[in-house]
Protein chains: 2
Amino acid sequence: MSHARDGYANAGVDYGVIDPGKLLAQRTAAETASELAARGASELVESRGESAYVVDLGDRYLATVTEALGTKNLVADAVGPALGRSFYDAIAHDTVATIVNDLVTVGARPLCLTAYWGAGSSEWFADERRMADLARGWGAACKEARCAWGGGETQVLKGMIAPSTVVLGGSAVGMIAKKGELLLGSRVAAGDRILIAPAVGIHTNGLTLARKIAEFLPEGYSTSVPGDPRGRGFGEALLDPTPLYGRLVEALHDEGVELHYAVHVTGHGWRKLMRSNLELSYIVETMPAVPPVLAQLVEVAGLGAEEAYGTFNMGAGFALFVPASLAARAVEIGQRHGFPLLDAGRVETGPRRVVLEPLGLIYEGTTLAIR
Amino acid sequence: MSHARDGYANAGVDYGVIDPGKLLAQRTAAETASELAARGASELVESRGESAYVVDLGDRYLATVTEALGTKNLVADAVGPALGRSFYDAIAHDTVATIVNDLVTVGARPLCLTAYWGAGSSEWFADERRMADLARGWGAACKEARCAWGGGETQVLKGMIAPSTVVLGGSAVGMIAKKGELLLGSRVAAGDRILIAPAVGIHTNGLTLARKIAEFLPEGYSTSVPGDPRGRGFGEALLDPTPLYGRLVEALHDEGVELHYAVHVTGHGWRKLMRSNLELSYIVETMPAVPPVLAQLVEVAGLGAEEAYGTFNMGAGFALFVPASLAARAVEIGQRHGFPLLDAGRVETGPRRVVLEPLGLIYEGTTLAIR
């Protein structure tokens with residue numbers, strides 16, 4: 001199952017080339033863990049395969065993550081002028097979301113976040129409306145995530161970053177004060193239910209391919225999205241901001257629901273459901289609705305279901321793994337907090353794989369090697 | 001005194017254009033501090049003007065910072081091939097140093113660090129020797145800083161970052177377990193001595209100008225540096241890795257020396273000595289030796305002393321502010337731990353300014369507005 005990889009390689013991002021260096025970095029990073037002893041701390045070795053790094057401080061866990069947006073802001077740059085908006089409020093929200101949604105997968109409650117904004121020219125920072133949108137969108141997203149924005153680094157990298165653009169990223173720190181709220185892949189168990197929080201659009205993964213597809217649409221980014229309730233164009237619909245799922249995790253923890261694990265569905269699409277190392281099968285019985293912009297994207301790109309669901313979120317933004325006895329209660333709590341959860345499937349003993357029953361698709365464990 | 005600004009504007013980095021958006025971001029960020037209450041924490045408002053953001057967890061302080069290298073790796077790219085080295089071990093060390101040296105200025109002991117590596121092409125990560133140097137240099141620097149490397153984000157941003165280059169940065173988290181070890185500008189006091197830890201070269205600031213100057217040298221980056229003990233060229237000498245000053249701060253704290261404040265001398269050069277908001281004068285009586293590569297740089301650039309010392313470190317890597325009664329002991333401890341400290345001057349009541357007595361130079365408070 002290498003369709004998704006091929007699709008990405010065609011769009012200029014070749015994961016096959018990236019991997020060896022990444023692996024060397026991971027091994028070298030693992031060797032530094034012993035330094036924590038000098039601080040009276042230790043690492044959760046297992047967290048190295050998770051979306052956030054977790055340190056045991058003794059009385060609580062600390063989690064941290066550095067993430068970056070990718071190329072989504074190029075879409076804002078392309079569609080904003082015609083629509084009279086910068087869209088950097090949404091772009092800021094998405095950057096914060098890509099950081100914080102990773103952090104909360106380990107059960108951490110966000111504490112503070114620091115920003116990285118690297119532009120290719122001083123002029124980039126001189127557009128007052130865009131900067132106001134960026135700053136306000138960033139602040140609003142941090143507040144929604146219940147996270148203090150502790151400043152960050154703003155720099156100009158002439159000759160390294162294209163003059164008209166900006167690289168957006170940052171880092172967040174969170175705490176797991178009640179150690180039982182730690183979520184790890186090893187906690188997933190046969191019998192768990194898979195609850196899916198819906199995605200609203202493409203979120204922050206797959207934008208390289210989406211930008212390429214825009215070139216093939218009859219009116220480019222302005223091409224109407226079939227089924228979009230507001231009749232918007234492809235570009236504008238791509239820019240719908242990613243939900244912040246941390247409040248969902250918090251609400252469930254606050255009401256005493258014992259979660260086992262959480263997955264932020266990003267690159268690798270639904271294959272991410274088998275992020276845990278365990279030999280378990282993930283049987284999806286019911287699928288969420290596909291956001292119209294993704295339906296259009298995969299149709300125009302000519303992607304089959306296997307490639308589409310193995311690459312894009314296709315409607316699944318975030319997944320929770322909970323004991324079956326708690327599933328109904330979790331759904332009710334989610335509903336009350338503005339997160340409609342779909343009780344989508346079950347975890348079974350069996351080979352590590354994801355089975356999408358309604359589509360007759362199986363992703364074997366070998367198609368997801370991210371640890 | 002706007003010489004230094006003008007010098008930078010000529011090299012393509014215009015701080016005058018950057019500032020308004022930065023200020024808006026700072027104000028918006030400050031408004032998010034109230035979110036910490038939900039975590040049983042609060043911010044140290046004062047830390048917003050410091051090099052790291054500090055959160056009060058009740059029983060201890062947490063500090064965090066996001067930083068990035070800038071354009072120094074372009075020098076490695078330019079001089080490496082002719083010398084048969086990638087120099088990305090030194091580049092990695094410098095990226096870690098630019099992050100961690102900021103973190104330790106508030107007295108934090110580094111706990112863990114996460115990396116951001118954003119390249120312009122998948123091929124960038126395919127150069128095995130360069131990747132090995134980058135990974136090993138990064139790991140070694142983290143170990144030297146007594147900091148666990150907790151992974152990070154590696155991405156390809158085609159069309160945003162130049163295909164042949166990489167943007168390097170990251171974030172670190174540290175702890176101040178003994179609250180008395182917190183260092184802030186407000187703790188500087190008249191009567192303090194200013195101890196200076198030497199710089200070994202340009203470190204990580206002023207590289208845009210240095211790269212421009214290389215174009216004016218007779219043999220470019222290969223031009224010999226007068227006074228360089230190994231007869232090296234300008235480019236190679238620029239790549240000398242920045243010292244990690246955290247061990248110095250730790251050693252002094254471990255031996256019970258009450259520090260008041262610390263400053264990482266980066267952009268704005270010696271003007272950084274007045275980073276504190278207080279109305280105090282910093283009288284420098286003795287200056288450290290100027291690293292040969294900086295002496296060459298400022299001579300070729302035609303910079304006067306005012307501009308040179310207001311822009312580059314000119315031999316001062318890190319400054320500590322300590323009660324006069326402890327200065328001799330601090331110097332002795334530094335010596336023992338491999339950090340020769342120069343007892344360089346004194347803090348006095350008076351207008352906020354830096355006086356470099358040996359050079360007859362005064363930088364007024366208005367020339368440093370970084371809070």
Side-chain angles (χ1 to χ4, degrees), chain A residues 12-14 17-18 21-22 24-25 28-29 31-33 35-36 38-39 41 43 48 53 55 64-68 70-71 109 111-112 114-116 118 122 125-126 131-132 135-136 139 142-143 146-158 160-162 165 167 169-171 173 175, chain B residues 12-14 17-18 21-22 24-25 28-29 31-33 35-36 38-39 41 43 48 53 55 64-68 70-71 109 111-112 114-116 118 122 125-126 131-132 135-136 139 142-143 146-158 160-162 165 167 169-171 173 175:
Chain A
V13 178
D14 185 347
V17 174
I18 299 175
K22 258 181 137 167
L24 174 64
T28 311
E31 290 166 10
T32 63
E35 298 302 323
L36 289 166
R39 314 305 184 201
E43 84 170 15
R48 288 201 176 264
Y53 182 61
V55 173
T64 186
V65 62
T66 286
E67 261 293 341
T71 63
R109 294 171 190 243
L111 185 73
C112 58
T114 46
Y116 174 72
S122 300
F125 294 108
M131 276 301 285
R136 287 182 191 129
C142 285
K143 284 201 150 204
R146 281 195 193 129
C147 187
W149 175 12
E153 171 67 359
T154 303
Q155 66 179 191
V156 173
L157 297 182
K158 206 185 166 191
M160 291 175 67
I161 296 175
T165 194
V167 174
S171 177
V173 183
M175 288 291 180
Chain B
V13 178
D14 186 345
V17 174
I18 300 175
K22 259 181 137 166
L24 174 64
T28 311
E31 290 165 9
T32 64
E35 299 302 323
L36 290 166
R39 315 303 183 199
E43 83 170 15
R48 289 201 176 264
Y53 182 61
V55 172
T64 186
V65 63
T66 286
E67 262 291 342
T71 63
R109 294 172 190 242
L111 185 73
C112 59
T114 45
Y116 174 72
S122 299
F125 293 109
M131 275 301 285
R136 287 181 191 131
C142 285
K143 284 200 151 206
R146 281 194 193 132
C147 187
W149 174 13
E153 170 67 359
T154 303
Q155 66 178 192
V156 173
L157 298 182
K158 205 185 166 193
M160 290 175 66
I161 296 175
T165 193
V167 174
S171 177
V173 183
M175 287 291 180

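Below, chain A is the first sequence line, B the second, and so on; all start at residue 1. On a predicted model such as this, the values are computed, not experimentally measured, just so you know.
With values rounded to the nearest 0.5 angstrom, A:Trp149 atom CH2 is found 9.0 Å from B:Arg48 atom CZ. Here CG of B:Leu111 is found 8.0 Å from OH of A:Tyr53. Values are rounded to the nearest 0.5 Å.
Per-residue heavy-atom pair counts under 4.5 Å with chain B were compared for A:Leu36, A:Thr66, A:Thr114, and the maximum is reached by A:Thr66. Chain A forms more heavy-atom pairs under 4.5 Å with one residue of B:Gly118, B:Gly70, B:Ala38, B:Ala33 than with any other, namely B:Gly70. Contacts with chain B were tallied for A:Ala41, A:Gly150, A:Ala68, A:Gly139; A:Gly150 has the most, counting heavy-atom pairs under 4.5 Å. Heavy-atom pairs under 4.5 Å with chain A were tallied for B:Thr28, B:Thr71, B:Thr165; the largest tally goes to B:Thr28. Your options are A:Cys142, A:Gly151, A:Gly152, A:Cys112, and the one with the most heavy-atom pairs under 4.5 Å with chain B is A:Cys112.
Smallest separation of non-hydrogen atoms from A:Ala135 and B:Ala25: CB-CA, 3.9 Å.
Neither the backbone nor the side chain of A:Glu43 has a heavy atom closer than 4.5 Å to any heavy atom of chain B. Within the 4.5 angstrom heavy-atom criterion, atoms from both the backbone and the side chain of A:Ala132 approach chain B.
A:Arg39 contributes a side-chain N or O that, together with a main-chain N or O of B:Arg146, makes up a donor-acceptor pair within less than 3.5 Å.
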Checking side-chain contact (heavy atoms from CB on, under 4.5 Å) for the pair A:Met131/B:Lys22: CA distance, chi angles, key distance, verdict? CA-CA 9 Å; A:Met131 276 301 285; B:Lys22 259 181 137 166; 6.0 Å; no
Q: Report the C-alpha separation of A:Val167 and B:Met160 in whole Å, then their side-chain angles, then the decisive distance to 0.1 Å, and conclude whether the side-chain contact (heavy atoms from CB on, under 4.5 Å) test is met.
A: CA-CA 8 Å; A:Val167 174; B:Met160 290 175 66; 4.3 Å; yes
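In this structure, B:Cys147 and A:Thr32 have side chains that are not in contact, with every pair of non-hydrogen atoms separated by 4.5 Å or more. Between A:Arg136 and B:Leu24 there is a side-chain heavy-atom pair separated by less than 4.5 Å.
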